[in-house]
Amino acid sequence: MVASALTTAPALAEDVEVLHWWTSGGEAAALNVLKGDLETQGIGWQDMPVAGGGGEAAMTVLRARVTSGNAPTAVQMLGFDILDWADQGALADLNSVAAEQGWDAVVPEALQAFAKVDGKWVSAPVNVHSTNWVWANKAVLDSNGIAVPTTWDEFAAAVDALSAAGVTPIAHGGQAWQDATVFDAVAMGALGPDGYKAAFIDLDEDALGGDAMKTAFERMEFIRANVDENFSGRDWNLATAMVINGEAGFQMMGDWAKGEFLGAGKTPGDDFLCFRFPGTENQVTFNADQFAMFDQGGTVSAEQAALASAILSPSFQSAFNVVKGSVPARTDVSDADFDACGKQGMKDLAAAAASGNLFGSMAHGHANPASIKNAMYDVITAHFNGEYDAETAVSELVDAVSIAK
Ligand code: BGC
């Protein structure tokens, strides 16, 4: 209470102000699980939503808030952004909460790499999402005699069949982060796990500029040719709605898309299908939402500690992630309450971690810092919109990364 009395934020001492980008129907439903959890502890919630999938707009608002000396209590954040703010000394030390709940033993290494800096926990991991998923309308596939594709060629044939039948094959929203999310999966398929790591995580010029990258860009051209003409600027959840309503066959999107299907009362296996992007069945490109707590007076406030501890409780990890479409950020949570896609997500994550096939998502801030991620976004989006052919895109990618490094 002493610490919270020192807070300069306009929030009441008992409130947490939370900046996040969970504004779609499925995301809001998941957020309500967290709000409800805090309410039972008598902690109020000041909502600070900033729309925009992937969180770029939220990060811009955050910078403005911190610059004006008015940081929110807690902020939804991804990967390298957390490390950047921690390096600037802006984040509160959560070690006391982490020790009490034993986070070290239950949060996987891959997440700790983005949650702990110099032995200090600086954020509370909420979940693990992954980006190499395809979402499909089952009735649309069935009525066109399409089985779940397991190779690029099968996928391309399925897309051609839908196109011939007059159905929009691929639902997509033309926003840079969505183009990059699709590219994450397409590049993993074309480059393979070693190539993906070399190109996007190690920033190796040969991998960035190689033939497999050209194949990835060519496949993006095929995808671009099979989206509807109104794709530009469309929000991701509206693209998901096209698959839900049977207006389109497939969407390549992270598993937050599942939250939209569930919100519409749909059941995996009956109404929709989830499967790994063809050719990436053994890989997981992940991103983990975390709440970083901004230092508001030298020590973590009681409200921040309560929020962090609520997030890491096993019952919350199950209840929240069942709704959100993600999987728990703890390895000891039962999959009993998860649907078929959630169970598969948990199994895939454990298997990928064990076999060295778990990689930070380039599109969602877990492969490299924002400056490099944004340089990649620019090339991927310019190419998707027809500014370059595949060969030029490859050399533009190499140049953009070398300048941003
Ligand atoms: C976040 C998800 C969110 C998605 C779309 C991702 O970067 O990790 O939690 O649902 O963006 O907004």
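In each ligand, atom 1 is the first atom listed, and ligand 1 is the first ligand listed. If you're wondering where the values come from, they're calculated on a predicted model, not measured in any experiment.
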Problem set entry | Sidechain N-carboxylate O distance under 4.0 Å for K258, D339 | yes
Exercise. Under 4.0 Å from any heavy atom of G53, which atoms of ligand 1 are there?
Worked result: 5 (C), 12 (O)
Exercise. When the ring centroid of F217 is compared with that of F183, is the distance short of 6.0 Å?
Worked result: yes
For this session: Assess the pair W236 and H172: is the distance between their ring centroids shorter than 6.0 Å?
Result: no
For this session: Identify which one of F294, F80, F114 satisfies the ring-ring contact (aromatic ring centres under 6.0 Å, His included) criterion when paired with W85.
Result: F294
Exercise. Can you list the ligand 1 atoms lying under 4.0 Å from a non-hydrogen atom of K324?
Worked result: 2 (C), 3 (C), 9 (O), 10 (O)
Exercise. Looking only at N/O atoms, are W21 and ligand 1 under 3.5 Å apart anywhere?
Worked result: yes
For this session: Evaluate side chain to side chain contact (heavy atoms under 4.5 Å, CB included) for L307 paired with M293, printing each intermediate quantity in order.
Result: CA-CA 9 Å; L307 175 59; M293 310 292 167; 3.8 Å; yes
Exercise. Looking at W22 versus F320, is the centre-to-centre ring distance below 6.0 Å?
Worked result: yes
Seminar exercise, completed: Ranked by distance from atom 9 (O) of ligand 1, the top protein heavy atom is D289 OD2, 2.6 Å
For this session: Taking only heavy atoms of L78 into account, list the atoms of ligand 1 that are under 4.0 Å away from them.
Result: 7 (O), 8 (O)
Exercise. Would G54 count as a contact of ligand 1 if the rule is a heavy atom under 4.0 Å away?
Worked result: yes
For this session: Record the part of N287 in heavy-atom contact with ligand 1 below 4.0 Å; permitted values are side chain, backbone, both and neither.
Result: side chain
For this session: Would you please say whether a donor-acceptor pair under 3.5 Å links the side chains of N357 and N282?
Result: no
Exercise. Are any side-chain N or O atoms of H366 and backbone N or O atoms of A288, one a donor and one an acceptor, separated by less than 3.5 Å?
Worked result: yes
Problem set entry | Subset of ligand 1 atoms that lie under 4.0 Å from at least one heavy atom of Q76 | 9 (O)
For this session: Mark up the atoms of ligand 1 that fall under 4.0 Å of a heavy atom belonging to H129, in ascending order.
Result: 2 (C), 8 (O), 9 (O)
For this session: Give the residue, atom name and distance (to 0.1 Å) of the protein heavy atom nearest atom 6 (C) of ligand 1.
Result: H364 ND1, 3.5 Å
Problem set entry | Where ligand 1 meets E27 - atom numbers and elements under 4.0 angstrom, heavy-atom basis | 3 (C), 4 (C), 5 (C), 10 (O), 12 (O)
